[in-house]
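Below is one structure; the comments refer to it alone.
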Amino acid sequence: MSEQIKFVVEQLNKDPFKKNFNLITFDSLEPLQLLQVLNEVLAEIDPKHNIDIREEAPDQTAKRMFSLLGILKYKPPGNVSDLNAFRPGLVTGSKSIIHPILHWLLQRTNDLKKRAYLARFLVKVEIPADFLQDDVVSDTYHQYEELVEGFKTLHKECEQLKNSGFSTAEIRRALQTADQPLQFLLPLTRLHHLIQILFPCSFLKILKQPSFLDSSQ
């Protein structure tokens, strides 16, 4: 446990938190202060949680934190009895509950940021079956599901472009020159496809604007 706390303190003293804790001062935090530290880490992962918990009802704080931890797929360590103590322990700012959460979050902050971002689009809104009996609601929900699947495809394409090894400047230069090497073909085809989908009406206008080409020089 001491190594876990040491890691948490080290991470909280770095950007963006800059807490200037040591093991003693961190361990001496009051429950509400510890909850606020947890909230700041959650807010770094998802800015919607940038809230002063002193101005929020405790039950609302608990609901909000539980929701995000569920989206991030946090699993409390321990057995069933520990799980039963998890919710009240979080609400009351228990060290035994919050310290492991902080350790888990601070180990994988960047990955969790991506997960929280994607959740905005991929965590589906549940519609009661009775409402889906209405044709308009059913058709709208079907379109919504198609958009979710479309987003998954576009996100996958974007990740492939990011990992293609080509910089933004290289891709822009390829747009200017007709005789670029064939090695640009695949990433550019994907880029073309993405822009057409995202900006179908203005795609050609964007490419024809001198400012678009000049900005990459």
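Values in this document were obtained by computation on a predicted structure and should not be read as measured data. These numbers come from the heavy atoms of this one structure, side chains and all, not from hydrogens, waters or symmetry mates.
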Applying side-chain hydrogen bond (donor to acceptor under 3.5 Å, both in side chains), can you list everything that pairs with D46, at least two apart in sequence or on another chain?
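Once residues adjacent in sequence are excluded, D46 has no partner under the side-chain hydrogen bond (donor to acceptor under 3.5 Å, both in side chains) criterion.
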Side-chain heavy atoms under 4.5 angstrom apart, residues restricted to Ile, Leu, Val, Met, Phe, Trp, Tyr: same cluster for I51 and L105?
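Hydrophobic grouping puts I51 apart from L105.
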Find the distance between [atom1] ([X]) and [atom2] ([Y]) and round it off to the nearest 0.5 Å.
X    : Y   : atom1 : atom2 : result
L32  : R54 : CG    : CZ    : 7.5 Å
I97  : L34 : CD1   : CG    : 11.0 Å
L106 : I45 : CG    : CD1   : 7.5 Å
E56  : R64 : CD    : CZ    : 4.0 Å
I98  : S94 : CD1   : OG    : 7.0 Å

Pair N39, D52 - check side chain to side chain contact (heavy atoms under 4.5 Å, CB included), show working.
CA-CA 8 Å; N39 195 77; D52 187 338; over 6 Å; no
Test L112 against W104 for side chain to side chain contact (heavy atoms under 4.5 Å, CB included), laying out the working first.
CA-CA 10 Å; L112 295 178; W104 187 82; 3.7 Å; yes
Donor-acceptor under 3.5 Å (T92 side chain, P88 main chain)
yes
Any donor and acceptor pair, going by atom type alone, linking the side chain of Q33 with main-chain N or O of E30 inside 3.5 Å?
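A pair under 3.5 Å: yes.
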Could you report the tightest heavy-atom contact between [X] and [Y], atom names first, then the distance?
X    : Y   : answer
I101 : L69 : CG2-CD2, 3.9 Å
L29  : V37 : CD1-CG2, 4.1 Å
A62  : V91 : CB-CG2, 3.5 Å

Assess the residue pair D15 and K18 against the criterion (side chain to side chain contact (heavy atoms under 4.5 Å, CB included)); give the C-alpha distance rounded to whole Å, side-chain angles, the decisive distance to 0.1 Å, and a yes or no.
CA-CA 5 Å; D15 288 336; K18 298 181 180 179; 2.3 Å; yes
Residue pairs fulfilling side-chain hydrogen bond (donor to acceptor under 3.5 Å, both in side chains) with at least one residue in residues 105-116, sequence neighbours excluded
E44-K113, K114-E159
Can you confirm whether L90 sits close enough to L35 that some side-chain heavy atom of one is under 4.5 Å from a side-chain heavy atom of the other?
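Yes, their side chains come closer than 4.5 Å.
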Do S138 and Q133 have side chains that approach each other closer than 4.5 Å (heavy atoms only, starting at C-beta)?
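Contact flag for S138/Q133 side chains = no.
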Does anything in residues 131-142 form a salt bridge (Lys or Arg N to Asp or Glu O under 4.0 Å)? List the pairs, not counting sequence neighbours.
none
List, one per line, each side-chain donor-acceptor pair under 3.5 Å for residues 20-28, sequence neighbours excluded.
| from | atom 1 | to | atom 2 | distance (Å) |
| --- | --- | --- | --- | --- |
| N22 | OD1 | I24 | N | 2.9 |
| N22 | OD1 | T25 | N | 2.7 |
| N22 | OD1 | T25 | OG1 | 3.1 |
| T25 | OG1 | N22 | N | 2.8 |
| T25 | OG1 | N22 | O | 3.1 |
| D27 | OD1 | K95 | NZ | 3.4 |
| S28 | OG | I24 | O | 2.7 |

Quick check on the 6.0 Å ring-centre criterion: do Y74 and F66 meet it?
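Centroid distance Y74-F66: not below 6.0 Å, so no.
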Go through the steps to decide whether L38 and M65 satisfy the test side chain to side chain contact (heavy atoms under 4.5 Å, CB included), and finish with yes or no.
CA-CA 9 Å; L38 173 59; M65 288 184 173; 3.9 Å; yes
Looking at residues at least two apart in the chain, or sitting in another chain, which of them share a side chain to side chain contact (heavy atoms under 4.5 Å, CB included) with E40?
K19, Q36
Taking only residues two or more places apart in sequence or in another chain, which ones pass side chain to side chain contact (heavy atoms under 4.5 Å, CB included) with A129?
none
